[in-house]
Amino acid sequence: NMAYSAAGLHLIGGASGQRLWYYVSSDTIATANSAGYFNSSASMLNVNDVIITVTSTGGTPVITHAYVNANNGSVVDITNGVVVTNTDGD
């Protein structure tokens, strides 16, 4: 597993204290949604901020919508998230 990289976290937008982020990593979503993974960005992330994660499982991209469910100023946790299915019917 890789460590969190702030270079992969990008602010898309937001208002009234809630933001939408885009995060890219070669880590799995199971790693990225572990409590403490985003700790070095605790000062940027608010509870209920939404994070679209692009992670990897064996080299296959996994897109997940998650949100920050806890941030006490030093420890950040995000939800497990909802995976966007990769079905392509054509």
Worksheet item: Do Ser41 and Asn39 get their side chains close enough for a donor-acceptor pair, meaning under 3.5 Å?
Response: no
Item to complete: Compare all side-chain heavy atoms of Val68 with those of Asn46 and state whether any distance is below 4.5 angstrom.
Response: no
Worksheet item: Going by heavy atoms in the side chains, are Thr64 and Val62 under 4.5 Å from each other?
Response: yes
Fill in: Check: Ile52 and Leu20 side chains under 4.5 Å, non-hydrogen atoms
yes
Discussion item. Hydrophobic cluster membership, with links at side-chain heavy-atom distances under 4.5 Å among I/L/V/M/F/W/Y: are Trp21 and Val83 in one?
Written reply: no
Worksheet item: Between Leu9 and Tyr22, is a side chain to side chain contact (heavy atoms under 4.5 Å, CB included) present by the stated rule, with each step listed?
Response: CA-CA 6 Å; Leu9 185 65; Tyr22 182 80; over 6 Å; no
Worksheet item: Can you tell me how far CG of Asn48 sits from OH of Tyr67, rounded to the nearest 0.5 angstrom?
Response: 6.5 Å
Worksheet item: Is any side-chain heavy atom of His65 closer than 4.5 Å to a side-chain heavy atom of Thr53?
Response: no
Response to the item:
Heavy-atom nearest pair, Ile29 first then Thr55, reads N-OG1, 3.4 Å
Item to complete: State, to 0.1 Å, how close Ser26 and Ser56 come at their nearest heavy-atom pair, and which atoms those are.
Response: O-CB, 3.6 Å
Practice prompt. Look up atom CD1 in Ile12 and atom CD1 in Ile51, then write down how far apart they are to the nearest 0.5 Å.
Written response: 10.5 Å
Response to the item:
Of all heavy-atom pairs linking Ser25 and Asp27, the shortest is OG-N, 2.9 Å
Worksheet item: Rounded to the nearest 0.5 Å, what separation is found between the CG atom of Asp77 and the CG atom of Leu45?
Response: 11.5 Å
Item to complete: First locate atom CG of Asp49, then atom CZ of Phe38, and finally report the distance between them rounded to the nearest 0.5 Å.
Response: 11.0 Å
Discussion item. Parallel, tilted or perpendicular, judged at 30° and 60°: which one describes the rings of Tyr23 and Tyr37?
Written reply: perpendicular
Worksheet entry | Test log, rule side chain to side chain donor-acceptor pair (under 3.5 Å), inputs Ser34 and Thr31 | CA-CA 5 Å; Ser34 297; Thr31 297; 5.7 Å; no
Item to complete: Give the minimum heavy-atom separation between Ala66 and Ile78, together with the two atoms involved.
Response: CB-CD1, 4.0 Å
